[in-house]
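Structure first, commentary second.
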Amino acid sequence: MKIEYYIVLSLALFCIGIAGVLTRRNAIIIFMCIELMLNAVNLLLVAFSKMHHLAGAATNPTAGIDGQLFVFFIMVVAAAEVSVGLAIIVMMYRNVHSVDVNFLNRLKH
Amino acid sequence: MNAIIISAIWGVVMMFSGVFSKSNAVVRIMALTGIALLLFVNVLEWNGVQLFHVNVRNMLSFDSFGLFFNTIAFGSTALYFLLSGRDMEKVGLHVAEYYALIFFILCGISIASSFNTLLMLFLGIEIISIPLYIITGTDKRNLKSNEASLKYFLMGAFSTGLMLMGITLIYGAKGSFNMDDISLGTYAMTPMLGAGLLLLLFSMAFKVSAAPFHFWTPDVYDGAPTVFTSFMATIVKAGAFIAFLRLFEGSFEGMHPQWQTLVAIITAATLFIGNITAVFQQSVKRMLAYSSIAQAGFMMLALVAMNGMAKEGLVYYTLAYSLATIGVFAILIKMKDYTFEGFNGLAKHQPVLAATNTIFLLSLAGIPATAGFMAKFYMLSAAVSNGHVMWLVILGVLCAAISVYYYFRVIQAMYFKDGDTQQMDTTPGFKGLLVLMAAFVVLIGIFPQWIIDKLYNIF
Amino acid sequence: MSVTVFLFYFLSVLAIGSALMVVISRNPIHSILWLIGTFFAISGHYILMNAQFLGIVNIIVYAGAIMVLFLFVVMLMNLNTETEPKKNKWLKLAGVVSGGCLLLVLVAALKTAEKHGQLVQLKEGDIGLVGNLGKVLFTDYVVPFEISSILFLSAMVGTVVIGKKGD
Amino acid sequence: MMNSILQSVWLVPVLPLIGFLINGLFRNQLSKSLVSLIGCGTLLASFVVSILIFLDVKNGHTHVAHFFDFISVGKLSIPFAFQVDQLSSLFLLIITGVGFFIHLYSTAYMHEEEGPHYARYFSYLNLFVFSMLLLVLGSNFVIMFIGWEGVGLCSYLLIGYWFKNTEYNNAAKKAFVMNRIGDLGFLLAIFWLIAKLGTVTYSTPEHTGVFDLFSKLSATDITGITLLLFVGATGKSAQIPLYTWLPDAMAGPTPVSALIHAATMVTAGIYMIARSNILYTMAPITQTVVAVIGLMTALLAATIALKQNDIKKVLAYSTVSQLGYMFLGLGVGAYTGAVFHVMTHAFFKALLFLGAGSVIHAMHHEQDIRKMGGLRKHLPITHITFLLGCIAIAGIPPFAGFFSKDEILAAAWESNKLYWILGVAGAAMTAFYMFRLYATTFLGSFRGTEEQRHHVHESPAAMTIPLVVLAILSVVGGWVGIPEVLMKNAHSLEHFLSPIFAESAKHAHEHALDHNTEYLLMGVSVAIAAIAIFIALGRFSRNPELGEPAGFGKVLANKWYVDEAYNAIIVKPINWFGKFLNSFIERDLIDWVVNGVGKLVNYTSRQVRLIQSGQVGSYVLLMVLSILLFFVIQFFLKK
Amino acid sequence: MIPVLLIVIPLLSGLAAFFIKQEKSAKSWALFSVMVTLVVSILGLTVMKSNSDLHANAEWLPMLGSSFAVGLDGMGQLLGLLTAVAFPMIFIATWNNSYRNAHNFYALMLLSQAGLMGVFLAYDALLFYFFWELALIPAYFLCSQWGGERRIPVTFKFFIYTFIGSLLMLIGIIYVYFHTPGQSFAMEEFYKAQIAPRDQDWLFWLFFIAFAIKMPIFPFHTWQPDTYEQSPTATTMVLSGVMVKMGLFGVIRWLAPVLPMATWAQGDTVGLLCVIGMIYASLIAMQQDDLKRLVAYSSIAHMGLMCLAIFVSSDKSMQGVMIQMFNHGINIIGLWIVVELIERQLHTRKISELGGLAQKAPGLAILLVIVALANVALPLTNAFIGEFLLFTGIFTSTVSKHSYVFAAVAGVSIILSAVYTLNMIQRVFYGNTNNLTAGVRDIRFNEKLVLGILVIAILVVGVYPRPLLELTQGTVDAILSKMLIKHPL
């Protein structure tokens, strides 16, 4: 499979995520869209990893492995982020009983 | 490595100190001990003493630049603890946890100042960011704090996404996360490399609150408990800048001409928006938020210029900026009223606070004989010596002139207007420390070289 | 069309389609479910690329743990109805358009990318296997691995600070 | 030479300066008599030294006394030095002599003033004499300029001596400003000289002075320089167009008018041109201008004088007119004649002013001649001396005015017949208005109030002695310049001054008038003057014109509305322009722009901060849009 | 030694003055300090004239190539003397004034003296810039704290205005720094900087705008009348007597010799601005009703002339500028003292409300008249020497093509200056008294003393200017040799 397919696929997912962030008001959904963006990145990283592996396997049997490890770390971070993010959203919900991001706009100008 | 490990450990220690002691004083003393220890071990490392023998596999590299910055960051934090530690206790019950989070952030800063691979950069930035999301929201009953926290989190996560996409594209192009590999032969801006660089640039710009990625800054700084705003606006921002500089110097210096214009545009926008918007603020806190954007614009000049002077200057700038901002915030926290009117007549009732505040503000405005001037001088010199961005330099000084407007509004309020007496719980120690800081600001403003040399010699 | 290619296209369409549904769905629950679908599709991709470890982890961590957490929160908040207020349709349009534009621009920018035409190894190569990954992770990558524990610690502390009731 | 009195020339100005300092600094302590003593005494001493100097110069000695380097920059060196020669010694004599008598006169005239003010008056007078001496003694144009401005200052101070009166102050201010306008011309001429010749010294033994190097100047330069110098002269010597200050200057005490605005200061312009005669001789265009301006001034002032009713105003316009004659003389190359006229004019005009002062003193500060009349009986000495002065100014032989005026007119005839005709016309008017004045004041019946009649009495000796002395001088003063045609080699003044004008004489066209023409000219002018006198006496001795003039007379009485015209053409527009600048350009434009920048920043701030809408969605949208923009810039625009 | 003392004495005594809470003591301390400074300055002029006495150089920022280099050349001596003389005069003349928080007032005054001294004595561009700003800050506080009603916005405008200018100059300094042969801020190195003519042109304006704002030159002048009006008079004296000289000084020391070609090329443009400004300011001065504003505009006109004279680059004009800087300082301080005396007694500066003061205060009137006459450059006053040389230099200049026009038009301002000055004298001092002015006292001894000294200075310099001219001859020659070195003529 040529790499550009993966690039386009990932970018498409990434941009869908961005579009989701832009179009939705529900904090949770926005957060999910961000997760979608991260997954797009992960996919691309794995694809690159395999691409580099194919190119460099002759000299280095573990060529490209770092890409996949990076994905692992992204997942780790994402998990941590989710816990914090959801805590924040829950805290907000407790106070205002809404998860609408536009609901809170005291801070402006 | 010393700093990373000790700060992480001390973060855990602080967590437990909250469990074992209900006394805030004990926690505070623990924290001060920790920061002193941190400072100490960092200086030790600077002098070549490694407490831990860890094979970092070329993922981190501890150069004197990073270590020097760490020293500044830890020193500033120590001052911050001393000045504003008590005020942290007013935010909420989890004092020990706040300290723990701050130590974790310091750990992230240590990583960000010494990373040698994009992975460590990513981790470092995240270790800084995630605790920040939390301490922004620590004032849980305060809707502003909630809002700030949520905004910060959503946008921060978004920018993380951008950063990761950038890293991925660079990985795609160069096949490695290691900066040495990336910078190898990186002279032409090929599409994938370019796109990756741009995305990284945007996400880093977000972290240092450079326009047009600065939107979170005013709201978050405004909404966060003031005592934490102080920390965020100074040490954290400085750390992000060091990471920014490290990244672009280490990875993309070969392509400097290709991205210089873009960074110059971002710098110009930052300077402009930061300064212009600060003019119309009514709250000093929010004004300081915008001013931190404006100061970021000046620090961005280092990236635009990207030469020896810029690097040296950026460290100096972070020092000057952090000291002054911590001082101003420490005083601001004591105020009942955060508007400009709240400062009316302060000079009459609290001459020491007013005088020191004036020196800090003068330093922020970049008036000679304060550290802020030398900092701006370094930045301007770096940009001028670069030679390609004279327009930016001129815009910079015009913006600096605008900045005088809002900084001096505070001075005017304190000195030239009459206001009510305010009861403020200030201790002699607090005032003494402020005076010392102000003196230091003036001293390094007049003898920067001397001070820096001395620092080098002592440590 | 070989099976691999067919699978690639199938998974891609599935991923994009579910992703779109995540954004489009009015009901948060549906969004979450669609997102899980997307993750499955992406996991399929991983497995297609012989990145088995990641494929599994993706399903366990993302589709399993994380999305369940999301689901749990949504349910907890009783948000499973279509209560989300309508966003200004122009803003929505702007969001969609700018997202689309970004895609266009990124794709156009990378159209002539330097790695153009390089192949991605599918179904072969053993770097994605747990053993290999683990070996590297605990040798070369041990420092970041340990450091990510700090991240978790701070996230944990944070969640406690934020989530604890009563002050 | 070493022990010559000329070495002590510094005494001449320094003595009055000392008088000024003492009177000025200790004005509150000194008694009035002491003040008079110091004021007059210093001047008397100065006068004595001047006489000695004059006598020495008459023996052919001249001297340049160098004191110190005043300004010395690079190649430009301006020494503080005095030049004693025929011209300056003559002027010394006039200044200190006439000055002394006027000081003496003042002791009585100003006796009513309070002590400090009295002292102030004398200190000003002394300062004036000092400045005037500086003016004539200076050995270069800069020192002359110092004196030049100095006398202007003293004139200002003395005109505004009674400073409570706003009118007087306005007059003083006007005098100063008008002088300043002229001074600018003078200054520019000095700069021009420095630019071209690098020096301002008249002449040096090494022949590096201005008058030694004049041949180096191009025609343009010399014309320009002389014209600018002449501008200076029009200011100081009250010529068209800058003459209007002089009549107003009569606001000052009458002795001041006599000393400054008749005898000495106003002749500074003549002195200056006479001093730089060689330059003028080399600049025929300027000469014509000088002559024409002089003549026009003479006529214009004479016509105005015809209808004035203020005794001092008449004399003032008469002074302007006479000064015009002097310039006419200078313009036609009769330098000696002009200087001669300066001298005689100093005598009789000072006399007339002092006489007028005596009248005013007697009439308790009444100056309107319509309210006088018949003073002949009450003020016998004043009357006689005044009459003598009138005859002298009218140019009746053998009084002083005749000789000097005749010399100028003769030279005018040589130059251009029209000059002469107009000059004679002016002379006729002079005779007419002087005798109108005389007749209205002294003849006829007394028209003042009863109280005035009661108090009218002859002035004290301190006032009459100067009158008598000056009257004698007015009579005999002309005899030093009896023309060739009347008496061979009797023109001792010409002989005396010849070294000064020698260079000019070389360049001038020599064609003396034949005797017949000269007799004829003299005869005609005297006859016309005499006729004018008789008409005037006939008309005004019995029934003076007391009503307001009408028709053309009104135009004359209002001085041709020149002041009004100046006001409308120059003063008002400048004021208006200043107001315009102040309110419009300064406030509404420049300040508006400056403040506008501030406001713009504020406004921009107000607008820009709206971007910070508080909504995460819009923040992210803006970020994405910026990302888009940056991508476009980086990848699709920059090539 | 001497220059270091000149800076350090006021600096330290100023800092010390912050802690003297007693008004009387603070006042005396300040006076004592400035007297010491004056003595040191005179010592530098008379006894201690060796090179080592007059120059000092200490390491400051070796990495940047900047050092604490100070020295007294002729121009420095002259302006140092002016600064040293001005402050005692000001303190004595305002001895009877009472200020809120007097210790702060005097401390700031002393600090501004230190800043001014530093500006005039610095031999290093960065040091110069340092002091340039240091002089500004105390002035800002002085004006804002003890000024008139509108003091806050007005002085703020002043501050920002000058600050923008100085920041632009800072860019220029940095730019030149990078073009010096040895990457140094030292003055000699700056004079050796090689800068292409094209760059000189825009650099010139970066520098010049800073100096033009300070002087001020039309159209950068609008801060000045407002500030002078609103400042406490003691500060106004510092501002107008000494501080405006910073602009001229800057042009002479840091602009003309550093960018000679641009100075030559832009000379006519600047000249035009100066000439317009002179006439403009004079005309506006004629319209003023406020004494302070009148003097302020008059000052603008005078500064315009001096600035013009620099740009014609002739030895006479340059000497004229030197001596006139001193004279203008003396004269305008005299004028301000008079204004201050009037305002303190009558609480008004409106010319229209005054009148007849000469009757009540003859001493004041006489001294004022002399100072005012010096202001209009009457011969035998000091300003005549200055203006004569200025005009001579302008007129005889070979550098400017339009020097005749400049001289002639500028000459008109001489007339106008006479008009407004005499107007002022007349309307304030002459005429009859009114209700307000009927009760005026004459001046006190200390004021008489100061004005008397000023008047003596005016006359002495007016009659015997040689010592001053000789003092600055060397500097003028040096500067001109730098300025004309690449001169095409």
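Chain naming here is simple, since letters A, B, ... match the order of the sequence lines and numbering starts at 1 in each.
A donor-acceptor pair under 3.5 Å is absent between the side-chain atoms of E:Q473 and the main chain of D:V73, judged by distance alone. Remark: the backbone N or O of D:Y168 is not paired with any side-chain donor or acceptor of E:Y430 at under 3.5 angstrom.
For a residue to count as touching a neighbouring chain, one of its non-hydrogen atoms must lie under 4.5 Å from one of that chain's; by this rule D:R27 touches chain E with the side chain only. Contact of D:W162 with chain E is not made at all, since no heavy-atom distance falls under 4.5 Å. The parts of E:N423 that come within reach of chain D are both its backbone and its side chain, each placing non-hydrogen atoms under 4.5 angstrom from that chain. If you measure heavy-atom distances from D:Y156 to chain E, the contacts under 4.5 Å come from the side chain alone.
The residue among D:E586, D:K75, D:E149 with the most heavy atom pairs within less than 4.5 Å of chain E is D:E586. When the candidates D:L153, D:N165, D:I190, D:L134 are compared by the number of heavy-atom contacts under 4.5 Å with chain E, D:L153 comes out ahead. If you tally non-hydrogen atom pairs under 4.5 Å between each of D:V142, D:L581, D:L157 and chain E, the highest count goes to D:L581. Chain D forms more heavy-atom pairs under 4.5 Å with one residue of E:Y404, E:F429, E:W223, E:F384 than with any other, namely E:F384.
Closest heavy-atom contact between E:P379 and D:I146: CB-CA, 3.5 Å.
The stretch residues 169-184 of chain D places D:N169, D:N170, D:K173, D:F176, D:V177, D:R180, D:I181, D:L184 near chain E, each with some heavy atom under 4.5 Å from a heavy atom of that chain.
A perpendicular orientation is assigned to the rings of E:Y464 and D:F68, their planes being inclined by more than 60° (bins at 30° and 60°).
The neighbour count for D:Y566 OH, taken as heavy atoms of other residues, nucleotides or ligands under 6.0 Å away, is above 12.
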